[in-house]
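Worksheet: the structure to be examined is printed underneath.
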Amino acid sequence: MIRRHSFEAPDNRRLAQLCGPVDAHLRQIEATLGVTLSRRDASFRIEGPRAAVDRTVALLDTLYEQARRPLAERALQLALVEAMADSPRLAAAAGAETPAPAAPPPGPIVLRTRHAELGGRTPNQVQYLRQMMEHDITFGIGPAGTGKTFLAVACAVDALERHGVQRIVLTRPAVEAGERLGFLPGDLAQKVDPYLRPLYDALYDLMGLDRVTRAFEKGLIEIAPLAFMRGRTLNHAFVILDEAQNSTREQMKMFLTRIGFGSKCVVTGDVSQIDLPAGQPSGLLDARQVLAGVAGIGFTEFGAADVVRHPLVARIVQAYDRARLDEERPR
């Protein structure tokens with residue numbers, strides 16, 4: 001069923017931000033949501049399937065509000081991801097009814113950082129945040145670009161600043177991604193830095209360089225390779241194991257049993273990018289099977305629809321998934 005709808009944007013400055021150079025933003029919205037957008041001065045006409053038109057109207061409302069300041073390409077892409085995922089916030093803006101999630105936490109899940117307030121942009125991201133709030137151990141499994149690590153670090157920073165935990169501990173296996181780098185120079189911190197760089201990047205983005213530096217000096221943030229976790233008990237800490245697909249079964253069990261009182265643990269990984277030697281089973285795959293249904297442990301499985309990087313990343317993930325399925329299909 002084809003539906004037509006109109007939209008008004010009376011503020012010329014915000015209108016220019018909304019449309020983008022030579023209406024480039026409108027063309028992206030058309031291509032992504034499957035609608036036809038025509039504009040005459042400050043009036044828009046939207047045509048397409050009813051659900052797509054409703055999404056587009058809600059998206060234009062959201063972007064028009066954001067257009068008080070220059071509308072960055074990243075903001076547009078993230079808004080498109082929300083629209084394609086039928087975000088509860090966009091659906092509410094369109095007047096649509098959305099099913100209530102099971103046992104939601106009181107109030108919205110919002111993480112406060114130095115730049116802005118963060119929340120889930122797709123249903124799986126919202127579920128992931130909810131599980132990190134409600135469970136002592138949470139697994140986030142899925143492809144690159146789905147926000148697994150960034151949201152986990154954001155939760156950790158939020159908990160530290162609210163004094164919910166006393167420190168953040170970040171760790172990952174020191175496994176090279178298909179390359180042999182040889183011996184690395186320097187002390188322990190310098191040797192493991194290349195493996196832990198994505199965690200540093202998330203911290204710098206969320207807290208800023210100066211605050212992160214001071215937090216390291218005070219012992220509020222600790223980064224260590226997974227092999228150095230043996231024998232420790234981590235109380236009142238927010239612990240994140242990143243790139244967990246490269247942990248062994250023994251390492252995964254060792255890590256999960258480090259959790260002490262007042263602590264939360266988040267394990268993230270992409271089971272399609274295992275760099276362990278051939279024949280060595282992944283601890284993440286094993287944990288997903290062994291721990292399924294265990295009380296107090298939550299699992300969130302991300303897919304290509306949750307990718308919040310460049311739209312091409314989602315298409316790359318989908319292409320590799322199709323190729324893997326073709327290889328596994330019986331001949």
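Treat the numbers as computed from the prediction; the structure is a model and nothing was measured.
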request  = Determine, stepwise, if the pair V153 / I240 fulfils side-chain contact (heavy atoms from CB on, under 4.5 Å).
outcome  = CA-CA 8 Å; V153 174; I240 300 174; 4.0 Å; yes
About how many Å separate [atom2] of [Y] and [atom1] of [X], when rounded to the nearest 0.5 Å?
X	Y	atom1	atom2	answer
I46	T56	CD1	OG1	6.0 Å
F255	I137	CZ	CD1	8.0 Å
L63	L26	CG	CG	9.5 Å
I259	T233	CD1	OG1	9.5 Å
R14	N12	CZ	CG	11.5 Å
E65	L60	CD	CG	12.0 Å

Check whether any side-chain heavy atom of [X] lies under 4.5 Å from a side-chain heavy atom of [Y], and answer yes or no.
X	Y	value
L170	Y200	no
F150	D201	no
F238	V157	no
R39	D23	yes
M207	V212	yes
R288	F139	no
T300	I141	no

Under 3.5 Å donor-acceptor, [X] side chain and [Y] backbone:
X	Y	value
E243	G269	no
T62	A58	yes
S282	Q245	yes
Y64	L15	no
H25	Q17	yes
E47	T36	no
D136	G296	no
T32	I29	no
K264	M133	yes
T213	L209	yes

Do [X] and [Y] get their side chains close enough for a donor-acceptor pair, meaning under 3.5 Å?
X	Y	result
T268	D242	yes
Q125	Q127	no
T138	Q131	no

If you look at every heavy atom in [X] and [Y], which pair is closest and at what distance?
X	Y	answer
A305	T122	O-CG2, 4.0 Å
M132	C155	CE-SG, 3.5 Å
L199	T149	CD2-CG2, 3.6 Å
R162	D158	NE-OD2, 2.7 Å
L276	P281	CD1-O, 3.7 Å
A52	V35	CB-CG1, 3.6 Å

ask   = Where do L284 and V271 land on the side-chain contact (heavy atoms from CB on, under 4.5 Å) test, with the steps shown first?
value = CA-CA 7 Å; L284 181 58; V271 294; 3.9 Å; yes
Salt bridge (Lys or Arg N to Asp or Glu O under 4.0 Å) partners of [X], counting only residues at least two apart:
X	result
R13	none
R214	none
D11	none

ask   = Looking at residues at least two apart in the chain, or sitting in another chain, which of them share a side-chain contact (heavy atoms from CB on, under 4.5 Å) with R69?
value = none
inquiry  = Could you walk me through whether V126 and R130 satisfy the side-chain contact (heavy atoms from CB on, under 4.5 Å) test, starting with their C-alpha distance in whole Å, then the side-chain angles of each, then the deciding distance to 0.1 Å, before giving a yes or no?
reply    = CA-CA 6 Å; V126 172; R130 183 175 295 113; 3.5 Å; yes
task = Could you note down all residue pairs passing salt bridge (charged side-chain N to carboxylate O under 4.0 Å, His left out) where residues 246-258 supplies at least one of them, sequence neighbours left out?
result = R249-D286
inquiry  = Hydrophobic cluster membership, with links at side-chain heavy-atom distances under 4.5 Å among I/L/V/M/F/W/Y: are L256 and F261 in one?
reply    = no
query = Taking a hydrophobic cluster as the set of Ile, Leu, Val, Met, Phe, Trp and Tyr residues connected by side-chain heavy atoms closer than 4.5 Å, whether directly or through intermediates, do I274 and L325 fall within one such cluster?
reply =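 Each belongs to a different hydrophobic cluster.
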ask   = Just wondering, more than 12 heavy atoms not from R230 lying within 6.0 Å of its CZ?
value = no
Candidate pair V307 and F302, rule side-chain contact (heavy atoms from CB on, under 4.5 Å), full reasoning = CA-CA 8 Å; V307 173; F302 295 95; over 6 Å; no
Cut-off 3.5 Å, no hydrogens considered: what does the side-chain donor-acceptor table look like for residues 216-226, sequence neighbours left out?
| from | atom 1 | to | atom 2 | distance (Å) |
| --- | --- | --- | --- | --- |
| E222 | OE1 | R232 | NH2 | 3.1 |
| E222 | OE2 | R232 | NH1 | 2.6 |
| E222 | OE2 | R232 | NH2 | 3.4 |

